[in-house]
> 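The structure is given below, and queries will be raised subsequently.
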There are 2 protein chains.
Amino acid sequence: MGERVTIRDVAARAGVSVATVSRVLAGNYPTSTASRAKVLRAVKDLDYVANAHARALAGAGRKTIAVLMYDVVGAFYAQVAQGVEMEAAQHGRLTLVSSTGSDPARELALVQMMREQAAEAVVLVGGVTQDDEYRQRMARYAEVLAAAGSRLVLCGRPAPAPDVPALVVEYDNEAGAHAVTSHLLGAGHRRIALLGYQPGNTTGEDRLAGYLRALADHGVPRADAVLHGVGFGQNHGYRAMRDLLDAADGKPEFTAVFAGDDRAAAAAVIALREYGLRVPEDMSVVGYNDDPVAGDITPGLTTVHIPAEEMGRTAVRRALSGASGTGQERHVLGTHIVIRHSVRPLRGGSAAAGAGGALD
Amino acid sequence: MGERVTIRDVAARAGVSVATVSRVLAGNYPTSTASRAKVLRAVKDLDYVANAHARALAGAGRKTIAVLMYDVVGAFYAQVAQGVEMEAAQHGRLTLVSSTGSDPARELALVQMMREQAAEAVVLVGGVTQDDEYRQRMARYAEVLAAAGSRLVLCGRPAPAPDVPALVVEYDNEAGAHAVTSHLLGAGHRRIALLGYQPGNTTGEDRLAGYLRALADHGVPRADAVLHGVGFGQNHGYRAMRDLLDAADGKPEFTAVFAGDDRAAAAAVIALREYGLRVPEDMSVVGYNDDPVAGDITPGLTTVHIPAEEMGRTAVRRALSGASGTGQERHVLGTHIVIRHSVRPLRGGSAAAGAGGALD
DNA sequence: CTGAAAGCGCTTACAG
DNA sequence: CTGAAAGCGCTTACAG
């Protein structure tokens, strides 16, 4: 339908030059009240909107922020994306979202596309397997992006090397695991099963580290640690819990479960019930992430809140304010434990457990 | 850092004209093997990527699909967004995501921005209050978008009028409500409370209509319908359930609850437990949406699955294949009921309830 | 305060 | 198969 109306059409109808139209619209240069009125009138009459591509080519216009992640439906990813989008919008930027499905080839292709789009920053989200291949890949992204005046932002994943010019926004994953494990230990639990440990994955490794450190801090021998399952999420959590229960014939030695994430924890609660074990009466359970599900189930899950949306916001805030491309910048946001109803003090444990409102 | 490398640089290094470089890269025109090799070599050496804006201006390049929704973290929205993104990616399109926060002014501003970006389609997602203002607004969007060769797609919200040139992708919301209510009726329930009715909101109205129709079909007098609460979600669901229970002093006349959505249903289960009522033994509960939470809680929630991701996919598939701008096109996707463990047959009810696997 | 003109980096008829 | 040139729709020094 109808040919697109251009700045030339507006200029003609307003009886001024295209330069004047451009200036009136940009508002960054003096223009007479008369021209302004005529131009605005013409813009309205013709329902003109500028061509963003032409604007960008000429070196002006709205920039865009790109966020690349495994998928969009995971609560963590969705929250980070939301934070990115909101902060970007606040700064007049548009947000491009793409999912990589953890395919490095696709990820690379997307980074290239974002270079083509002249994205102001490219935000990569979520835990990874940190190996040499990963480090090299990220270093290369950072370099090419910096060369194009853009910026690589690593969100919830580690910096590949100290000298890579990336902006890193993480949360204190290890500390959160330490805190929630300590909470369990403080409540008197000694045998705590860690569910869904993911070897290699940075997120899983950090949680394991926090768990082990808490055990050590409380004098629990490493031999008493119970690790089982691979991977997070509902299915893995259920499977791992069943395995453990099956192996122990429904009478496990451990009295508490630290699930890799809340969805795994929720599934563990179900598996426990199927074995006739009540939470928290017979088994205490904690999760991680403060996923919406943590507040939706009974009992409410004690878990670790991670500032996902804030990470997204911080990612773009820093990307926009930083000296582009130079050096590495790192931000670690705090986590905090959210106490609900899934932990119960054991014997002489402290009274740390059991607080919190019904829906919180 | 480093000046951006352009097609001219590539041409110079390869010893050919920019036209040849363009042709080699586009691959839509014959080029000699020799030139091709030289160009590809130069592209690699210089790490060249084309400027998407210049490409777009010249009338080529990757297009983009825009999706505008209330927010990104709601499970429904996230799923639709995921569907849009995946289908768009499959067709070589990029996806721009923005949240409107249900602010019409912001929505309008975003539609304008998408016109500027020359988005190939603009997808608006989610239920609305359908009044004249809404209809006019959508009609206008459809018109200006069509004039710009783009397309307005309404996803999960009604067409404003039959002649508005929009693409509408809905799901059979009323039928889903009818089915799940009938499931309850089939299990012998007569007094069924509808929780979280949202007057005015199209999604809420349709669910109410399905509920009432099922009641009528089963000969339950309209006077036996119980409607309470405004709005969906955890907080509203909890509040509404508590209200009803408080009013009945914990001994409600109804034996089943149809919550407006799954998160409200999950909260209702919690409220019921606080009153010592077990689900499904003392009260059957069903939800809507097949939100992840439905499978995460105990008992698993019987609910209505809505094809959110498929809606997103259909939205872009149709937008890309349709004759642009012409007329209205409407697609209604089916819903189906997902039976888990939150419904229990009453007295002489049929044996319809109680099936389904542990985690499903 | 305003206009003519160059230029942003591509693509694509038009000649050859 | 290849190149010179026009053109996409803006913005912004440069004159005035």
Side-chain angles (χ1 to χ4, degrees), chain A residues 2-40 42-43 46-63 112-113 115-119 147-150, chain B residues 2-40 42-43 46-63 112-113 115-119 147-150:
Chain A
E3 291 306 295
R4 180 156 184 149
V5 8
T6 74
I7 196 173
R8 208 176 306 277
D9 301 317
V10 176
R13 179 175 251 257
V16 299
S17 71
V18 297
T20 296
V21 174
S22 176
R23 287 174 186 132
V24 167
L25 263 22
N28 56 4
Y29 208 80
T31 45
S32 71
T33 316
S35 324
R36 211 171 314 138
K38 285 188 290 185
V39 168
L40 262 20
V43 164
L46 298 173
D47 194 24
Y48 168 76
V49 294
N51 180 319
H53 296 302
R55 212 171 230 176
L57 228 209
R62 203 177 303 283
K63 310 287 288 181
Q112 298 292 49
M113 281 184 217
R115 279 218 282 159
E116 296 182 356
Q117 301 294 325
S150 181
Chain B
E3 293 306 295
R4 182 156 183 147
V5 7
T6 74
I7 198 174
R8 207 175 307 277
D9 301 318
V10 176
R13 180 175 251 260
V16 299
S17 72
V18 298
T20 296
V21 175
S22 176
R23 287 177 186 128
V24 167
L25 262 22
N28 55 3
Y29 208 79
T31 45
S32 71
T33 315
S35 325
R36 211 171 314 138
K38 285 187 291 182
V39 168
L40 263 18
V43 164
L46 299 172
D47 193 24
Y48 168 76
V49 294
N51 179 319
H53 297 301
R55 211 169 231 177
L57 228 208
R62 201 178 303 284
K63 311 286 291 180
Q112 298 292 50
M113 282 184 218
R115 279 217 282 159
E116 295 182 357
Q117 302 293 324
S150 181

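We name chains A, B, ... by the order of the sequence lines, and we start the count at 1 in each one.
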> Expressed as a whole number of angstroms, how long is the span from B:Asn28:CG to C:dT11:P?
9 Å
> Is the shortest side-chain N/O distance from B:Ser22 to OP1 or OP2 of C:dT11 below 4.0 Å?
yes
> Are side-chain heavy atoms of A:His53 and B:Asn51 found at a separation under 4.5 Å?
no
> B:Thr31 side chain N/O closer than 4.0 Å to the phosphate oxygens (OP1, OP2) of D:dT2?
no
> Would you tabulate the pairs of protein nitrogen or oxygen atoms and nucleotide nitrogen or oxygen atoms of nucleotides 5-9 of chain D closer than 3.5 angstrom?
| unit_1 | atom_1 | unit_2 | atom_2 | d |
| --- | --- | --- | --- | --- |
| D:dC8 | O2 | B:Leu57 | O | 3.4 |
| D:dC8 | O2 | B:Ala58 | N | 3.4 |
| D:dG9 | N2 | A:Ala54 | O | 3.4 |

> Considering only atom C1', compute the distance from D:dG16 to D:dT12 and round it to an integer number of Å.
16 Å
> Which one of B:Val10, B:Asp9, B:Val5 satisfies the side-chain contact (heavy atoms from CB on, under 4.5 Å) criterion with B:Val43?
B:Val10
> Nearest whole angstrom, please: distance from the P of D:dT12 to the CZ of A:Arg23.
9 Å
> Atom OG of B:Ser150 and atom CD of B:Gln117: how far apart are they, to the nearest 0.5 Å?
11.5 Å
> Rounding to a whole Å, what distance do you find between A:Arg36:CZ and C:dT2:C1'?
13 Å
> Looking at side-chain heavy atoms only, is the closest gap between A:Asp47 and B:Arg115 below 4.5 Å?
yes
> Taking the nucleotide of DNA chain D with the nearest heavy atom to each, does A:Tyr29 or B:Val16 sit closer to the 5' end?
B:Val16
> Would you name the heavy atoms of A:Tyr48 and A:Leu25 that are closest together and state the gap between them?
CE2-CD2, 3.6 Å
> How long is the straight-line distance from OH of B:Tyr29 back to OG1 of B:Thr20, given to the nearest 0.5 Å?
10.5 Å
> Given pairs defined as Watson-Crick or G-U wobble with both distances under 3.5 Å, what dot-bracket annotation applies to DNA chain C, with ( ) intrastrand, [ ] crossing, | other strand and . unpaired?
|||.||||||||.|||
> Report the residues that fulfil side-chain hydrogen bond (donor to acceptor under 3.5 Å, both in side chains) with A:Arg55, sequence neighbours left out, ordered by chain and then residue number.
none
> Between A:Lys38 (NZ) and C:dG3 (C1'), how many Å, whole number?
13 Å
> Does the A:Arg62 side chain pair with the main chain of A:Ala52, one donor and one acceptor, at a distance under 3.5 Å?
no
> Tell me which nucleotide among D:dA4, D:dC14, C:dT12 gets nearest to the side chain of B:Ser17.
D:dA4
> Specify the closest pair of heavy atoms between B:Ala11 and B:Val21, including all atoms of both residues, with the distance to one decimal.
CA-CG2, 3.6 Å
